[in-house]
Amino acid sequence: MVEKQSRWANVYLVVMFLILYSPIFYLIFCSFNAGQYMQNFSGFSLVHYGELFSDNRMLQIVLNTFVIALLSSLLATIIGTFGALGIFSVRKSFIKNILLSLNNILLVSPDVIIGASFLIFFTLLGLSLGFGSVLMSHIAFSIPIVVLMVLPKLNEMNSSLIDAAQDLGANSWQVLTRVILPYLTPGIAAGFFMAFTYSLDDFAVTFFVTGNGFSTLAVEIYSRARQGVSLEINALSAIMFIISLLLVAGYFFINQHNSARKNKKGRGRG
Amino acid sequence: MTQTIIEFKNVTKSYQETQVLTGVDLTIEAGKFYTLLGPSGSGKTTILRLIAGFSNATSGDIIFDGKRINDVPANKRRVNTVFQNYALFPNMNVFENVAFGMTLKGVNKVQIKEKVTSMLEMVQLAGYADRSIDELSGGQQQRVAIARALANDPEVLLLDEPLSALDYKLRKDMQYELRELQQRLGITFIFVTHDQEEALAMSDWIFVMNEGKILQNGSPVDIYDEPINHFVANFIGESNIIDGVMREDYKVMFAGKEFENVDAGMRPNERVEVVLRPEDLDLTTPENGKLIVTIDAQSFRGDYYEISAHDDDNNEWRIQATNPSVLNSRQGLTFDPEDIHIMRFDESEDDYDARLDNYEE
């Protein structure tokens with residue numbers, strides 16, 4: 001009975017993953033098509049990859065996207081971490097809850113509304129739209145994510161660690177840099193990667209705040225798709241998929257390696 | 001001549017509405033092992049946190065080495081703390097934990113290495129310097145915490161229930177080790193615990209606390225033999241506490257009979273409480289007994305039998321006897337006049353001391 005159940009569970013799993021991944025694999029498959037369209041696979045060719053690498057505008061946009069993602073997630077991580085520390089240090093639970101709710105509202109409110117409000121805000125201030133406006137809005141919507149990743153780590157930290165550091169002679173800055181921040185590192189890293197991926201694939205907010213000369217991948221692909229997707233996009237998607245696959249695999253092996261080392265040490269003690 | 005190192009003058013502490021310390025006065029002398037003993041919520045950890053500088057007194061003066069230190073931050077005080085949950089830094093290994101205080105002070109590397117090595121040797125963890133914290137057992141973490149605190153050469157070491165998370169056997173061993181360490185180093189230790197056995201075994205001086213007040217302070221023997229009130233008598237060891245009347249000096253009446261005792265200085269016919277420790281009571285034949293009791297229950301405790309009985313006035317008696325007794329049998333109960341300890345109602349510690357001085361002259 002149990003075996004039968006688990007077999008059905010496996011079948012379910014396989015079907016689900018097929019459904020989730022088949023569009024991506026189909027897209028990658030088509031990127032090798034010698035023809036111009038996704039229909040009728042007329043033969044293997046790398047022509048679209050060549051097209052991609054000679055498309056300077058597209059390469060520039062890929063670069064823009066990564067620069068925006070890296071910069072915005074980095075800055076959002078710094079601001080968000082200090083924000084989490086600030087919220088954590090508020091004593092009155094009423095004020096703390098208000099701050100937390102304000103943070104969470106930004107997370108759940110639709111991107112379209114955030115994007116539109118940024119557009120109104122920037123035009124009101126008379127700022128020109130472009131790299132700066134995109135960067136600022138990406139930082140803004142990434143901060144709540146970082147706060148949300150760092151705060152639980154702070155809450156689970158034993159407050160006597162801070163007492164202990166002070167007790168041993170640490171001033172506030174030393175407590176922060178030598179005890180609190182090292183303790184929070186996993187949460188901060190998680191917040192950074194979340195913010196990075198959010199920024200990388202954001203469409204709605206970016207769509208509102210990009211000006212004429214500046215574009216990111218999501219917006220560019222959208223505007224090209226309106227004239228029929230060129231297989232160059234498929235080639236780009238294939239490359240990005242492979243890169244993220246390598247990243248995930250790398251992360252997995254690093255984790256595996258660390259836990260294996262820990263286990264080995266644990267046995268040595270026993 | 002011993003020298004006073006810490007003094008509390010009428011110190012109070014409140015959190016919003018609740019007052020956790022109500023006018024505490026205490027004096028700590030250098031080089032002794034002190035224990036703050038009390039049930040949870042009695043304010044003993046609050047006193048420790050005030051000394052360490054983790055919280056501020058609402059009123060009163062805290063004096064360290066002759067100077068008021070109420071406004072001195074924790075990182076500038078010459079005391080170090082061993083925390084209940086050890087509070088070792090998880091991102092550092094054993095060496096880095098112990099070296100933490102010295103690294104902050106900018107001590108040079110060679111000296112740090114020397115000091116850490118000798119500290120780890122002292123707590124019997126030589127060779128553990130490179131271990132990470134989560135590889136250590138509870139007892140080992142405890143030792144690292146002690147080494148980390150002592151590596152800063154504090155004048156006073158504060159210990160906040162450091163043994164409560166250890167198992168019984170290890171706790172016993174650590175009691176001896178801590179006591180030995182304190183005597184070897186000559187540093188003042190202030191130890192917080194709710195375990196009366198621990199307090200009696202380790203301390204030079206005990207402060208018994210309840211509800212934000214120090215009820216009694218004295219050497220372990222004093223506190224055990226001459227508890228000042230019902231709470232202290234009950235909290236420190238087991239006691240039989242019976243209502244009685246002090247007929248006149250050296251004569252007390254309880255359980256319907258009059259007994260000779262060694263207390264004096266009270267009003268004639270004053271109502272008092274009488275304390276008799278279970279280990280001071282002996283069972284004998286009914287003819288030889290000062291009281292006659294009926295045995296209700298007994299349980300074997302390894303080195304003695306714990307017997308509970310009642311007398312003809314229905315007072316409960318707890319007796320520790322080396323030999324078993326017979327259930328429901330009538331037995332005689334004997335004790336010596338010195339075994340009877342009298343507690344007056346609402347007598348403060350000062351009044352008690354004054355009375356003792358009076359009649360002992």
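In what follows, every chain begins at residue 1, and chains take the letters A, B, ... in the order their sequences are listed. For clarity, every value in this text was computed on a predicted model and none was experimentally measured.
For the side-chain contact (heavy atoms from CB on, under 4.5 Å) test with B:Asn75, the passing option among A:Leu168, A:Val175, A:Asn171, A:Asp167 is A:Asn171; the others fail.
Taking both residues in full, the closest heavy atoms of B:Phe83 and A:Ser160 are given as CD2-CB, 3.9 Å, listed atom of the first, atom of the second, then distance.
Within 6.0 Å of the CZ atom in A:Phe192, the count of heavy atoms belonging to other residues, nucleotides or ligands exceeds 12. The environment of A:Phe131 atom CZ is dense: over 12 non-hydrogen atoms of other residues, nucleotides or ligands sit within 6.0 angstrom. Crowding of A:Tyr198 atom OH: a count of heavy atoms from other residues, nucleotides or ligands under 6.0 Å not exceeding 12. When the shell of 6.0 Å around CZ of A:Phe203 is examined, it contains more than 12 heavy atoms from other residues, nucleotides or ligands.
Contact residues of residues 90-98 of chain A toward chain B are absent (heavy-atom distance under 4.5 Å). Among the residues in residues 87-107 of chain B, those with a non-hydrogen atom closer than 4.5 angstrom to a non-hydrogen atom of chain A are B:Ala87, B:Leu88, B:Phe89, B:Pro90, B:Asn91, B:Met92, B:Phe100, B:Gly101, B:Thr103, B:Leu104. Near-neighbour residues of residues 45-59 of chain B relative to chain A, defined by a heavy atom under 4.5 Å from a heavy atom of that chain, comprise B:Arg49, B:Ala52, B:Phe54.
Under 3.5 Å, the side chains of A:Asp163 and B:Thr81 contain no donor-acceptor pair of N or O atoms.
Of the atoms belonging to B:Asn80, heavy atoms from both backbone and side chain fall under 4.5 Å from chain A. Only the side chain of A:Gln174 has a heavy atom closer than 4.5 Å to any heavy atom of chain B.
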Side-chain polar contacts of residues 136-151 of chain A - donor-acceptor pairs under 3.5 angstrom, sequence neighbours left out - could you list them?
unit_1	atom_1	unit_2	atom_2	d
A:Ser137	OG	A:Ser133	O	2.9
A:Ser137	OG	A:Val134	O	3.0
A:His138	ND1	A:Ser199	OG	2.8
A:His138	NE2	A:Thr206	OG1	2.9
A:Ser142	OG	A:His138	O	2.8

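Atom NZ of B:Lys76 is separated from atom CD of A:Gln166 by 11.0 Å, given to the nearest 0.5 angstrom.
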